[in-house]
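What follows is one structure encoded as structure tokens, with my remarks underneath.
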Amino acid sequence: MKAFGPPNEGPLQGLVASRIETYGGRHRASAQSTAGSLYPRGGLVLDPSRRRLQQYVPFVRGSGQSRGLSPMRLRDPEPEKRHGGHVGAGLPHSPKLKEVTKAHELEVRLHTFSMFGMPRLPPEDRRHWEIGEGGDSGLAIEKSWRELVPGHKEMSRELCHQQEALWELLTTELIYVRKLKIMTDLLAAGLLNLQRVGLLTEVSAETLFGNVPSLIRTHRSFWEEVLGPTLEETRASGQPLDPIGLESGFLTFGQRFHPYVQYCLRVKQTMAYAREQQETNPLFHAFVQWCEKHKRSGRQMLCDLLIKPHQRITKYPLLLHAVLKRSPEARAQEALNAMIEAVESFLRHINGQVRQGEEQESLAAAAQRIGPYEVLEPPSDEVEKNLRPFSTLDLTSPMLGVASEHTRQLLLEGPVRVKEGREGKLDVYLFLFSDVLLVTKPQRKVDKAKVIRPPLMLEKLVCQPLRDPRTSFLRGAFSSPSSRGEGGAGMEIK
């Protein structure tokens with residue numbers, strides 16, 4: 001067999017060589033000069049006007065197969081004419097033409113993926129994204145638990161229902177892991193391969209898929225250490241599935257599934273990013289449509305896949321409750337109750353983290369609306385310099401006297417009228433936070449409010465309800481703790 005020569009010894013020949021060239025081999029740099037020469041001989045050529053493949057020729061005896069050509073022989077593009085060519089043929093730097101060329105190249109690449117499969121990524125990318133071949137061979141299961149329990153016909157109806165509930169826990173776990181692999185093996189792998197040839201480089205795979213690889217590793221470990229051994233014990237003994245064998249694994253649920261905290265914190269932004277890219281990026285929209293129609297996707301939509309982790313983590317208590325309902329033994333009930341409590345405790349922790357994140361986002365948005373704190377007019381630059389450290393108002397800083405997990409919240413806001421001197425009245429806008437009340441003046445030209453009074457700490461605020469039913473809030477007297485409402489300013493909020 002003749003060995004391959006050095007890169008300058010002429011074109012490669014044969015089916016393998018044509019696939020190397022199609023996948024961006026040694027001729028890739030010179031093949032990207034024009035839309036008609038995206039691929040060398042044996043590659044794919046698109047008709048720029050009708051955007052479809054031209055002159056598809058299948059394998060026939062004595063054709064390209066005997067000559068060492070690719071299984072597809074496509075018409076070579078006509079040389080560019082000096083006059084009377086396509087509109088825009090003489091404008092190689094036109095942005096519109098560039099977009100059309102990229103759309104053609106994307107279509108060719110996706111068609112190549114469909115024919116020959118997804119190209120292999122570098123080892124470091126495959127390890128990071130959990131893209132491997134044969135790595136999930138142990139994630140297999142029979143069609144029914146009855147195949148593993150020979151004496152299932154003599155079992156009670158209630159015990160059969162318990163086995164069905166346990167079997168649902170096992171089978172849905174594997175189905176869910178396969179759906180996670182769609183995001184990595186198809187969507188992420190396809191996107192990264194396209195980015196290697198200069199397509200969709202503006203799309204961030206990390207932003208789009210977050211820490212999905214960490215979730216895959218978590219569930220693979222959970223299967224190998226908790227669910228899988230219980231299944232193997234039933235395979236070996238022929239006895240029914242024992243829920244007590246799952247207890248130790250579920251009691252450490254919070255530690256095992258800790259990556260879900262990060263995913264749930266970012267899932268809202270992730271779905272917004274995916275939606276925005278599909279609405280504003282035609283090439284990404286075409287890529288997602290190709291993925292959703294791919295046979296490996298099972299017709300799963302991208303947004304549906306992104307929300308699957310949130311749905312799965314909240315389903316574990318329901319699956320365990322179904323097993324508990326069909327487990328009359330006291331020891332099994334005790335174990336299942338402990339497992340359910342461990343899972344629900346972790347879910348409460350996730351909800352608390354998500355709620356705190358939303359509160360911080362809301363607080364940051366409110367802080368953006370409130371301008372700098374400049375109550376006093378400094379008579380000189382020296383006075384301004386000394387006042388500046390005491391004139392800052394950082395609403396995102398921790399509240400005094402409470403734990404760090406408690407975030408300042410905007411409870412109420414709205415316009416009010418306050419007295420200014422003896423006869424005057426002033427229209428202001430109030431912001432009531434968890435620990436402070438801000439009196440501001442809206443600025444017309446910008447969507448901000450300027451603080452015009454010193455911040456009023458709620459611990460120094462004495463409030464009294466009003467008898468007038470038209471008043472929706474209360475009347476307050478601001479004073480020091482020692483005066484207990486004697487003196488100070490009055491305010492009525494309606």
Do L432 and L458 have side chains that approach each other closer than 4.5 Å (heavy atoms only, starting at C-beta)?
yes
Please determine if E232 and R235 form a salt bridge, counting it only when a charged side-chain N lies under 4.0 Å from a carboxylate O.
yes
Does D125 reach the side chain of I131, with side-chain heavy atoms less than 4.5 Å apart?
no
Check: Y429 main-chain N/O paired with T440 side-chain donor or acceptor under 3.5 Å
yes
dist Q360:CD -> R408:CZ (nearest 0.5 Å) comes out at 11.5 Å
Any chance you could measure S144, atom OG, to Q163, atom CD, to the nearest 0.5 Å?
10.0 Å
Is any side-chain heavy atom of E292 closer than 4.5 Å to a side-chain heavy atom of L302?
yes
Scanning both residues in full, the closest heavy-atom pair of P455 with L393 reads CG-CD1, 4.1 Å
Counting distance only, does the side-chain N/O of T201 pair as donor-acceptor with the main-chain N or O of G198 below 3.5 Å?
no
Can you confirm if the aromatic rings of F257 and F250 lie within a centre distance of less than 6.0 Å?
no
Contact between V203 and L191 at the side-chain level, heavy atoms closer than 4.5 Å - yes or no?
yes
Within a radius of less than 6.0 Å around CD of Q368, do more than 12 heavy atoms belonging to other residues, nucleotides or ligands occur?
no
Shortest non-hydrogen pair, T230 vs D242, comes out as CG2-O, 3.9 Å
Taking NZ in K448 as the centre, count heavy atoms belonging to other residues, nucleotides or ligands within less than 6.0 Å. Is the count above 12?
no
Can you check side-chain contact (heavy atoms from CB on, under 4.5 Å) on L227 and L174, steps first, answer last?
CA-CA 10 Å; L227 301 182; L174 296 185; over 6 Å; no
Output, in order, the C-alpha distance, side-chain angles, deciding distance and verdict of side-chain contact (heavy atoms from CB on, under 4.5 Å) for L437 and F433.
CA-CA 6 Å; L437 177 66; F433 292 92; over 6 Å; no
Determine yes or no for a side-chain-to-main-chain donor-acceptor pair under 3.5 angstrom, with T171 supplying the side chain and W167 the backbone.
yes
Which heavy atom in W290 sits nearest to a heavy atom in S114, and how many Å separate them?
NE1-OG, 2.9 Å
Between S327 and Q333: side-chain donor-acceptor atoms closer than 3.5 Å:
no
Are L400 and D435 close enough that some pair of their side-chain heavy atoms sits under 4.5 Å apart?
no
Is it the case that over 12 heavy atoms from other parts of the model lie below 6.0 angstrom from the NE2 atom of H128?
yes
Heavy-atom distance under 4.5 Å between the side chains of Q311 and K308, does that happen here?
yes
Ion pair check, R217 and E130, cut-off under 4.0 Å
yes
Closest non-hydrogen contact found for L180 with P309 is CD2-CG, 4.1 Å
Minimum-distance pair of heavy atoms, taken over all atoms of P259 and T218:
CG-OG1, 3.5 Å
Ion pair K268/E361, N-O distance below 4.0 Å:
no
What class does the angle between the rings of F287 and F284 fall in, given that below 30° is parallel, 30 to 60° is tilted and above 60° is perpendicular?
tilted
For the residue pair T172 and E168, confirm or rule out a side-chain donor-acceptor distance under 3.5 Å.
no
Would the number of heavy atoms belonging to other residues, nucleotides or ligands and lying under 6.0 Å from NE2 of H321 be above 12?
yes
Parallel, tilted or perpendicular for Y316 and H219, by the 30°/60° rule?
parallel
One should read off an interatomic distance between T252 OG1 and F222 CZ, to the nearest 0.5 angstrom, of 8.0 Å
M301 atom CE, neighbour heavy-atom count above 12 within 6.0 Å:
no
Using the salt bridge (charged side-chain N to carboxylate O under 4.0 Å, His left out) rule, pick out the option among R312, R178, K315 that qualifies with E173.
R312
Could you tell me if R266 sits above the aromatic ring of Y263, with its cationic atom closer than 6.0 Å to the ring centre and no more than 45 degrees from the axis?
no
Rounded distance (nearest 0.5 Å) linking atom CD of E276 with atom OH of Y273:
8.0 Å
Please determine whether side-chain contact (heavy atoms from CB on, under 4.5 Å) holds for the pair Y260 and L347, giving the CA-CA distance in whole Å, both sets of side-chain angles, and the decisive distance to 0.1 Å.
CA-CA 10 Å; Y260 272 87; L347 294 181; over 6 Å; no
Can you confirm whether E233 is buried at CD, in the sense that more than 12 heavy atoms of other residues, nucleotides or ligands lie under 6.0 Å from that atom?
no
What's the shortest heavy-atom distance between W129 and A188, and which atoms?
CE3-CB, 4.0 Å
Do any N or O atoms from the side chain of T270 and from the backbone of L208 form a donor-acceptor pair under 3.5 angstrom?
no
I'd like to know if E225 and R256 make a salt bridge, using a cut-off of under 4.0 Å between side-chain N and carboxylate O.
yes
Kindly compute the distance separating CZ (R299) from CG (D304), expressed to the nearest 0.5 Å.
13.5 Å
Answer whether the closest heavy-atom distance between the side chains of D427 and V418 falls below 4.5 Å.
no
L395 vs L438 side-chain heavy atoms within contact, under 4.5 Å:
yes
Run the numbers on S345 and F253 for side-chain contact (heavy atoms from CB on, under 4.5 Å), then give the verdict.
CA-CA 9 Å; S345 175; F253 194 86; over 6 Å; no
Summary of salt bridge (charged side-chain N to carboxylate O under 4.0 Å, His left out) pairs that have at least one residue in residues 318-347, sequence neighbours excluded:
E247-R331, E341-R348
Atom pair CG (L319) and CG (L166), whose distance is rounded to the nearest 0.5 Å
10.0 Å
